[in-house]
Amino acid sequence: MSHTTSTDQDAATNPRRHGEYKVPGGKLVVADLSVAGGVLADVSISGDFFLEPDEALLAINRALTGLPETTPAADLAAAVTAALPADATLFGFSADAVAVTVRRALAKATSWADHHWNVIAPNVLPTEINVALDEVLTEEVGAGRRNPTLRFWDWQEPSVVIGSFQSVRNEVDPDGVARHGIKVVRRISGGGAMFMEAGNCITYSLYLPQTLVDGLSFADSYPFLDSWVMAALEKIGVTAFYVPLNDIATDQGKIGGAAQKRLANGGMLHHVTMSYDIDADKMVDVLRIGKEKLSDKGTRSAKKRVDPLRRQTGLARTEIIGAMMDVFTGRYGATHSELTDAELAAARERAATKFGTEEWLHRVP
């Protein structure tokens with residue numbers, strides 16, 4: 001005859017939840033907890049971080065215990081911060097990192113390993129179709145109809161892709177556009193204008209559920225989503241880093257920039273363009289890159305801001321893209337995927353009715 005103890009009953013009704021979060025460039029934070037009556041119970045935070053004084057860890061655990069399991073990440077972080085002693089020092093982690101870890105333990109936030117990732121290799125498409133696909137595929141991931149996906153762009157026509165909130169009049173020189181036969185389109189994400197000639201840039205889009213960045217600030221989400229890229233660049237001999245908010249640079253100059261868009265259905269777009277072999281003279285002939293834009297960059301010339309990957313690595317563009325795909329696939333167990341006929345049809349329809357129209361292009365005066 002078996003006997004059920006109160007401890008066994010507690011374990012059955014309030015199972016322990018476990019969450020982990022590796023801070024980009026920092027330490028591992030681990031949360032073990034239970035949920036009883038809709039609130040956090042027996043919270044235990046641990047990890048390989050550094051924390052002084054020792055008692056601060058108990059303060060963190062006490063601050064989290066008793067909070068509703070529905071508490072947003074920002075409120076979790078605020079509770080931790082408020083409970084810390086005035087002289088507390090956190091090294092390798094933060095209150096925000098604790099909040100992300102707790103949300104993961106509660107399955108409110110996800111990690112890379114919680115998803116089956118797909119990778120779509122470069123496929124030559126008109127620029128407005130590439131932009132339209134960003135919207136379509138972000139919607140598909142948000143709706144759960146497509147796995148989270150990394151897609152590399154390819155295109156033929158020289159293009160300028162402006163940010164969602166930029167003015168064409170202020171960003172693009174019409175004479176330069178006409179002289180060089182440039183296609184100008186507007187994307188759904190914010191950020192600055194991108195000058196893109198065929199073969200001269202490396203552009204990719206990540207389509208993901210917003211649960212992957214739950215609890216992260218906008219600023220922290222950029223390097224978090226591009227940690228694999230930094231590893232890939234390191235593999236080919238380029239040591240890169242983020243310059244807040246969204247520039248990717250090396251000691252020799254800027255190599256790229258990122259932009260994001262979050263949709264109401266839970267999907268998210270993270271988009272990056274890196275310079276491979278940019279024609280800097282043509283770029284400054286096409287874009288209106290003024291003194292104000294460059295005033296905080298430590299240089300008077302837009303040409304000096306960009307240091308293409310071809311010069312830094314000596315590698316073919318296809319080799320660099322291949323290294324990026326290999327690192328992403330190896331890290332996250334990603335599998336190859338193709339654009340479906342339905343996705344391409346939706347993108348073509350979206351390009352005809354939105355992204356290829358003058359109304360969308362000039363929506364900001």
Side-chain angles (χ1 to χ4, degrees), residues 117-141 146-164 182-208 222 225-226 228-229 232-233 246 248 255-261 267-279 283 286 306 308-310 315-329 334 336-340 343-348 350-351 354-356 360-361:
W117 292 87
N118 289 148
V119 177
I120 299 177
N123 182 23
V124 175
L125 295 166
T127 305
E128 64 266 28
I129 299 296
N130 275 309
V131 171
L133 278 168
D134 271 0
E135 184 172 75
V136 170
L137 297 183
T138 305
E139 290 175 356
E140 291 297 289
V141 170
R146 165 175 274 281
N147 290 330
T149 298
L150 167 66
R151 179 178 73 93
F152 285 89
W153 290 32
D154 223 336
W155 63 98
Q156 289 182 333
E157 69 275 21
S159 305
V160 168
V161 180
I162 64 172
S164 180
I182 305 295
K183 175 75 173 181
V184 182
V185 298
R186 181 187 297 278
R187 62 182 186 270
I188 63 171
S189 58
M194 308 180 306
F195 174 64
M196 302 165 54
E197 289 189 286
N200 279 8
C201 295
I202 295 174
T203 297
Y204 65 83
S205 296
L206 264 177
Y207 313 106
L208 59 135
Y222 281 89
L225 291 174
D226 282 332
W228 63 275
V229 182
L233 291 173
N246 62 332
I248 300 172
I255 58 174
Q260 295 181 354
K261 177 66 176 181
M268 178 176 171
L269 164 68
H270 179 84
H271 172 101
V272 171
T273 291
M274 296 184 182
S275 300
Y276 172 68
D277 191 22
I278 198 164
D279 185 333
M283 178 184 72
V286 170
V306 180
L309 287 171
R310 180 177 181 179
L315 297 175
R317 177 174 176 267
T318 53
E319 290 181 272
I320 297 175
I321 292 175
M324 290 180 175
M325 293 176 68
D326 287 346
V327 168
F328 188 88
T329 300
H336 177 73
S337 177
E338 301 279 354
L339 294 167
T340 68
E343 290 166 344
L344 278 169
R348 292 190 183 99
R350 205 77 58 97
K354 180 177 180 179
F355 294 102
W360 170 254
L361 179 61

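What's counted below: heavy atoms across the whole structure, side chains too, no hydrogens, waters or symmetry copies. Quick caveat: nothing in here was measured; it's all calculated off a predicted structure.
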* To do: Could you walk me through whether L233 and I255 pass the side-chain contact (heavy atoms from CB on, under 4.5 Å) test, one step at a time?
  => CA-CA 11 Å; L233 291 173; I255 58 174; 4.0 Å; yes
* Decide ring pair (Phe, Tyr, Trp, His ring centres under 6.0 Å) for H270 and Y222; before the verdict, give the C-alpha distance in whole Å, the side-chain angles of both, and the deciding distance to 0.1 Å. => CA-CA 8 Å; H270 179 84; Y222 281 89; 5.6 Å; yes
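Between F328 and W228, the ring planes are perpendicular. Angles over 60° get that label, and only those under 30° would be called parallel.
A distance-only check finds a donor-acceptor pair linking the side chain of R151 to the backbone of N130 [under 3.5 Å].
A salt bridge is defined here as a Lys NZ or Arg NE, NH1 or NH2 lying under 4.0 Å from an Asp or Glu carboxylate O, and R348 with E343 fails to meet this definition. D134 and R350 are not joined by a salt bridge, as no carboxylate oxygen comes within less than 4.0 angstrom of a charged side-chain nitrogen.
Residues that satisfy the side chain to side chain donor-acceptor pair (under 3.5 Å) test with R310, not counting sequence neighbours, are D277. Scanning for ring pair (Phe, Tyr, Trp, His ring centres under 6.0 Å) contacts around Y276 gives an empty result, with sequence neighbours left out. The side chain to side chain donor-acceptor pair (under 3.5 Å) search around W153 returns S205, not counting sequence neighbours.
Heavy-atom neighbours of E157 CD from other residues, nucleotides or ligands within 6.0 Å: above the threshold of 12.
Using a 4.5 Å heavy-atom threshold, the side chains of I120 and L150 count as separate. You'll find the side chain of M274 reaches within 4.5 Å of the side chain of L309, heavy atoms only.
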